[in-house]
Colleague: 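Questions regarding the structure given below will be posed in turn.
Throughout, protein chains are lettered first and strands after them, A, B, ... in sequence-line order, and every chain is numbered starting at 1.
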Amino acid sequence: MKETSLGEFEELVLLMVAALHDDAYGVSILENLEEKQGKKVNVSAIHVTLKRLEDKGFVVSRFGGITSNRGGRRKKFYVITALGKSILDKQYSLRTSLYQQIPEISFG
Amino acid sequence: MMEVHPPHRTLRFLRWFCREDYIDEIEGDLIELFEKRTEESPRKAKRQFTWDVIKSLRLRNIRSFNRYKNSNYIAMFKHSLLIAFRNFKKYQAFSFINVFGLAVAMSVCLLIILMLADQMQFDQFHVKKDRIYRIISQKEAGSLPYATSPEPLADALETKHLVAEKTTQLIMGLGGDATYNEHTQTMRGFFADPAFFDVLSFQLEKGNPEYALQKPNSLIITSEFASRLFGTEDPIGKSVEFNDRGLPHLKISGVDSPPVDWGKFTITGVFKDENLKTHLQFDALLSASTMQSLIRDDKLKDHRNDWDYHFNCYTYVLLDKKKNENELQEALNALAADNYPELEGFEEFNLSPQAIGEITPGPIMSNISSFSLPIEGYYLLAFLAFVVMASACLNYTNLSIARILTRAKEIGVRKVTGASRKNLIIQFLIESVLISFLALLVAIGLLLLIKPAFMGLWVNQYLNFDLQENFTVYFLFAAFALIVGIFAGVFPAFQMSKLMPVKVLNSFNTMRAGKLGLRKILIGLQFVFALFFIVTSILIYDQLKHFLEFEYGFTSENIVNIELQSNDHIITANEFSSVSGVSAISACGYIPATGISYGISLKKEGQDEYESLNRLPVDENYLENLDLKLIAGRNLPPINQSGDKYIIVNEAATKHFGYEQPADIIGKVFEVKKNEKSLEVIGVVKDFRYSLLMIDDEIKPLVLRNQPEEFSYLNLKIASVDLMGTITKLEDKWESLDKVHPFKYQFFDEQLANTNQIFVDLISIIGVFAFLAITIACLGLLGMATYSAERRMKEVSIRKVLGAENYSIAYLLSKEFIKLLAISVLISAPLSYFLNNLWLENFANRVEFGFSTILLGTVILFVLGMLTIGSQTLRASVKNPVDSLKAE
């Protein structure tokens with residue numbers, strides 16, 4: 001049985017993969033996350049999370065072509081799967097419904 | 001813009017640990033990030049890259065190391081070990097020769113490693129050791145440098161040149177008797193300023209380092225000295241009385257002067273007893289501010305502004321953080337250029353920094369602060385050890401190559417079944433390293449034997465070696481054994497792995513061991529070294545014998561020299577004269593022919609130039625006591641009758657001043673340089689040796705002068721047969737006379753013999769190396785002879801069956817080796833003659849070195865060589881031929 005839960009950081013990365021669509025690979029995810037969050041993220045954390053997401057079946061990967069940048073190493077692009085999209089949807093609706101249950105009182 | 005690459009090593013590390021299928025992604029991303037970050041700051045980018053790599057070192061990313069499980073690396077390694085052991089067992093004689101030869105040579109190398117490991121730890125405890133330098137001085141290029149430097153130097157470095165963050169100086173001159181509560185101890189040390197603790201990292205057990213050396217008359221003592229003087233009492237705040245006797249900081253006997261009262265000192269600190277390894281040795285440090293009042297009272301000479309007096313003070317510099325050694329050197333050069341050009345004799349004077357870590361072991365120097373074996377000594381020892389070690393390795397190489405035939409089939413089969421050359425090389429290296437480690441075990445055992453012998457050498461009472469085995473040392477030993485194993489095994493490994501399988505398997509019988517060419521040269525070389533060592537040790541032995549039997553020209557038998565230790569010589573002599581068995585007493589300033597000498601500058605009346613001569617202060621009884629012959633004039637009068645206005649000169653001085661006959665100089669008057677006093681020659685004494693035998697060959701001019709203030713020794717002639725009984729009585733007398741200082745005496749003849757102790761040590765060392773070299777060379781020869789006898793067993797048997805005599809067969813087998821020995825002697829004899837003459841020629845008073853010494857060495861070598869060869873060839877020649885012929 002594969003675990004189907006989604007951690008907080010995993011969710012962020014998965015959202016980023018979905019948002020970047022065709023251009024999601026280590027560095028682009030890192031840069032966008034850092035920009036949106038406004039704090040530093042280590043690239044190895046992203047690598048590990050991507051691998052975990054792939055194991056769980058939320059993303060699939062493919063290699064890009066060889067370029068002269070990056071020391072001649074290929075990029076590994078990630079695309080969200082239907083399963084991944086559905087778990088994002090589930091999370092989103094769960095959160096929205098919970099959010100809407102917050103009573104309209106002032107918070108001191 | 002210059003292209004910046006990610007750190008090479010980090011990248012390699014990443015590639016090494018990272019999984020194949022992940023490497024593209026991880027490395028690619030990291031490099032892309034690196035390239036982007038480089039635009040901001042390359043250095044930061046590199047750091048970040050390394051950090052990212054470390055963070056990527058996760059279990060998930062690590063490649064599987066399982067592939068090694070299935071590989072046959074480990075299996076092959078096990079196999080190689082097994083084969084090595086089998087070979088070891090099968091050829092026990094060869095293995096024994098190899099292991100024993102290597103072990104013998106290794107043991108001396110281990111000893112040297114131990115010595116170096118000890119010495120390298122010196123002065124490593126200083127926190128700022130990378131920035132601490134001692135300033136050394138040199139009169140002119142090429143002369144022996146002094147560890148000391150002029151006193152005004154420290155100030156100039158700090159104020160004018162701004163290279164030093166701090167400087168501190170240790171000034172000599174503190175040596176005498178410290179008294180507390182009527183208890184007296186000899187105390188030696190230095191004047192030190194408060195910066196001492198800022199530069200050097202000595203720790204105080206009690207007292208505050210900031211103030212301890214601040215005030216005048218403050219004294220810091222070592223905890224060892226504290227327990228000597230105070231016992232269990234707390235010394236802090238106590239005051240001790242001090243009488244200075246001009247003792248040097250090094251423990252040399254016989255150098256002292258009458259005591260001078262320096263007043264009371266207060267103990268402000270006690271050093272922690274940390275058993276530190278340092279080149280600085282002292283009992284106490286006195287605050288430098290004390291010097292002022294001592295100088296004012298004329299109790300201490302003032303050198304504070306003397307740029308030309310560089311014998312008295314050690315200067316330590318803590319270099320400014322932003323400066324380097326070159327800038328310090330430049331500052332020193334500038335200082336020298338400022339201060340020295342006007343001073344006569346100092347035109348070439350130079351100062352240079354010496355890093356504190358390089359003081360021990362360091363180059364030979366004068367005015368050192370403690371005795372240690374100079375680096376030159378290590379070079380010599382290392383050279384000797386290297387020769388012996390190389391010989392032992394050559395033995396291994398030789399025997400292994402000789403056995404190439406016996407192992408050719410094995411190699412052939414291995415190659416046919418797929419072993420690559422690399423595999424074979426590794427296999428043979430494993431064998432040699434294994435042998436080397438076995439040898440290491442034996443060598444460590446031998447080390448236990450030679451270490452006490454080495455520590456027992458005479459010089460070692462001065463060198464303070466602390467030879468302790470510890471983890472680091474054993475690690476060094478293992479590394480050394482590994483290197484030796486590879487060094488010894490690499491050549492045979494390459495040779496053996498070169499064999500073509502087709503050749504060795506197809507036509508094994510036609511393969512020959514090859515001409516003995518290279519191996520012969522190697523063995524010959526070993527014998528060349530062996531003979532050289534033998535000749536050298538015989539020569540040094542002869543030289544020692546020559547010195548021991550030397551005729552000094554005075555009597556030293558039955559004379560006991562007693563150190564006055566600042567006691568009045570007349571009172572002491574009076575006391576001793578009442579002891580039965582003492583027949584005569586005289587006094588002198590130093591003991592002649594033991595390496596000490598005093599000087600005097602004289603000029604003949606009416607001449608302009610002063611001349612430097614040697615001087616020996618003696619009293620009126622000295623000539624008679626030592627059987628020195630007066631050949632003209634009369635003896636020195638007692639001092640109370642005439643004062644110090646007469647001198648006696650030796651024959652050499654007579655000739656030096658240009659007088660034909662000794663009688664001609666009698667009555668001539670000379671002027672002394674410093675006080676312009678006139679001295680009249682009253683007598684001429686027959687020449688006798690008063691300088692150290694190994695330093696001067698000829699007897700130089702000497703002046704004898706009656707100067708009681710310089711007397712340090714009494715010479716007692718003992719008439720009694722019971723020498724030791726008389727000594728005991730003298731000691732009792734001494735104790736009633738001087739309650740503070742222990743009785744110190746030496747027999748004159750023993751004292752003279754002791755000056756040659758360094759030769760005894762040299763003979764021991766060179767002798768050991770000679771023994772090792774000859775042992776190893778003979779082992780090598782033994783191996784080769786055994787092998788050759790075995791290889792030719794069939795030939796020998798057939799010859800015997802056909803009627804050859806035993807002796808002719810022995811001759812046949814030995815012929816080659818005898819030729820080899822003869823050739824080595826032919827090379828080595830002239831070589832050792834030439835090389836030994838090189839050092840001998842620099843040597844005063846040398847022994848005859850000629851044909852007979854070389855001949856003796858050659859005979860020893862030949863006898864040993866012949867015994868070695870003979871043992872094998874004779875065995876082969878008397879063997880029953882049937883034994884070898886039936887088995888085919």
Colleague: Hey, are B:Asp29 and A:His47 close enough side-chain-wise for a donor-acceptor pair under 3.5 Å?
Modeller: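 Side-chain D/A pair, A:His47 to B:Asp29: present.
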Colleague: I need the minimum non-hydrogen distance between A:Ser44 and B:Lys55, along with the two atoms involved.
Modeller: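 Taking A:Ser44 first and B:Lys55 second, the nearest heavy atoms are OG-CB, 3.3 Å.
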Colleague: Picking from A:Leu50, A:Asn42, A:Leu30, which has the most non-hydrogen pairs under 4.5 angstrom with chain B?
Modeller: A:Asn42
Colleague: Give me the one residue out of B:Glu25, B:Glu27, B:Glu32 that meets side-chain contact (heavy atoms from CB on, under 4.5 Å) with A:Arg73.
Modeller: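 Among the candidates, only B:Glu27 passes.
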Colleague: Quick one: of B:Leu11, B:Leu30, B:Ile23, who has the most non-hydrogen atom pairs under 4.5 Å with chain A?
Modeller: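 Top count of heavy-atom pairs under 4.5 Å with chain A: B:Ile23.
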Colleague: Side chain, backbone, both or neither: which part of A:Lys75 has an atom under 4.5 Å from a heavy atom of chain B?
Modeller: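 Contact with chain B is through the side chain of A:Lys75 alone.
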Colleague: Would you give the length of the straight line joining atom CZ of B:Arg60 to atom CG of A:Asp55, rounded to the nearest 0.5 angstrom?
Modeller: 4.5 Å
Colleague: Against chain A, label B:Glu35 side chain, backbone, both or neither, depending on which of its atoms sit under 4.5 Å from a heavy atom there.
Modeller: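 Only the side chain of B:Glu35 comes within 4.5 Å of chain A.
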Colleague: Counting only heavy atoms not in A:Glu8, do more than 12 fall under 6.0 Å of its CD?
Modeller: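 No, CD of A:Glu8 has 12 or fewer neighbouring heavy atoms, counting only those of other groups under 6.0 Å.
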Colleague: Which pair of non-hydrogen atoms, one from A:Lys76 and one from B:Asp21, has the smallest distance, and what is that distance?
Modeller: NZ-O, 4.4 Å
Colleague: Select one option (side chain, backbone, both, neither) describing which atoms of B:Tyr22 are under 4.5 Å from chain A's heavy atoms.
Modeller: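 Contact with chain A involves the side chain of B:Tyr22 alone.
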Colleague: Taking all non-hydrogen atoms of both residues, which atom of A:Arg70 and which atom of B:Asp24 are closest, and how far apart?
Modeller: NH2-O, 3.8 Å
Colleague: Within a radius of less than 6.0 Å around CZ of B:Arg43, do more than 12 heavy atoms belonging to other residues, nucleotides or ligands occur?
Modeller: no
